[in-house]
Amino acid sequence: MDPQDGRRRDRPPDLDNLLVIERIFGPPGAAVNATRYIALATHPGLREASDRVDAAEEALDDTVTVDDPRVARVAAERHAFELALNAVIEDSGLAQDDEAIFDAWDDLHPAVAEGVQDEAGQGAGTGQKSGTLIEAVGKMPYDWSPARLRCIELTLELDASESTAP
């Protein structure tokens, strides 16, 4: 806690998350995740909203059923927060910086960028089996409740409906 204003300044979970993201998705994934932290650090209102949504998600424990109205409410809150965060990232120019990082990565790793695999299904030159983002996330050892998992599903549905709206 900062003695001046009582706010938390240390964010070990953020660092842990960034390290996991880098391990799974590589440097470009970590860079995009770091962009989120930059936006949150420079917009205290967004950081407070993030903390509120995180706490609401954590409250969706094993005592909450998947059809509890709180699940849909928290999904809507997460969706609204992500829209606000993405708007800040776009407006600040950070999104263009992320695109430049991806372009540079693709230029340095053309076989990976094109999804080239050998006969064993391994990424060219990586020695590791290639997979999708969804597969990687699905393999994470989360111990989330069914209600929290349903909240994530509802949030993804809201995101998908937002992206297909005219």
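When hydrophobic residues (I, L, V, M, F, W, Y) are linked wherever their side-chain heavy atoms come within less than 4.5 Å, the members clustered with V71 are L60, V64, V74, L154. Chaining together hydrophobic side chains whose heavy atoms lie under 4.5 Å apart leaves L158 on its own. Counting side-chain heavy-atom gaps under 4.5 Å among Ile, Leu, Val, Met, Phe, Trp and Tyr, V66 is found in no cluster with other residues.
When the salt bridge (Lys or Arg N to Asp or Glu O under 4.0 Å) test is applied to E58, no partner is found at least two apart in sequence or on another chain. Considering only residues two or more places apart in sequence or on other chains, E82 meets the salt bridge (Lys or Arg N to Asp or Glu O under 4.0 Å) condition with R36, R78. Listed by chain and number, the residues in a side-chain contact (heavy atoms from CB on, under 4.5 Å) with T65 are D67, D68 (sequence neighbours excluded). Partners of D61 by salt bridge (Lys or Arg N to Asp or Glu O under 4.0 Å), not counting sequence neighbours: none found. By the side-chain hydrogen bond (donor to acceptor under 3.5 Å, both in side chains) test, R148 pairs with no residue at all, sequence neighbours left out. N86 pairs by the side-chain hydrogen bond (donor to acceptor under 3.5 Å, both in side chains) definition with nothing, not counting sequence neighbours. Contacts of R73 classified as salt bridge (Lys or Arg N to Asp or Glu O under 4.0 Å), with partners at least two apart in sequence or in another chain: E77.
Looking at H43, its side chain does come within 3.5 Å of a backbone N or O of A39 through a donor-acceptor pair.
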Which is it for R52 and E57 under the salt bridge (Lys or Arg N to Asp or Glu O under 4.0 Å) test, yes or no, and what are the steps along the way? CA-CA 9 Å; R52 278 193 307 275; E57 287 174 339; over 6 Å; no
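Going from atom CH2 of W144 over to atom CZ of R150 covers 15.5 Å, rounded to the nearest 0.5 Å. Here CZ of F81 is found 5.0 Å from CG of L40. Values are rounded to the nearest 0.5 Å.
Every pair tested for salt bridge (Lys or Arg N to Asp or Glu O under 4.0 Å) that includes a residue from residues 84-94 fails, sequence neighbours excluded, so the list is empty.
Following chains of ILVMFWY side-chain contacts shorter than 4.5 Å, one cannot reach L46 starting from L83, and the two form parts of different hydrophobic clusters.
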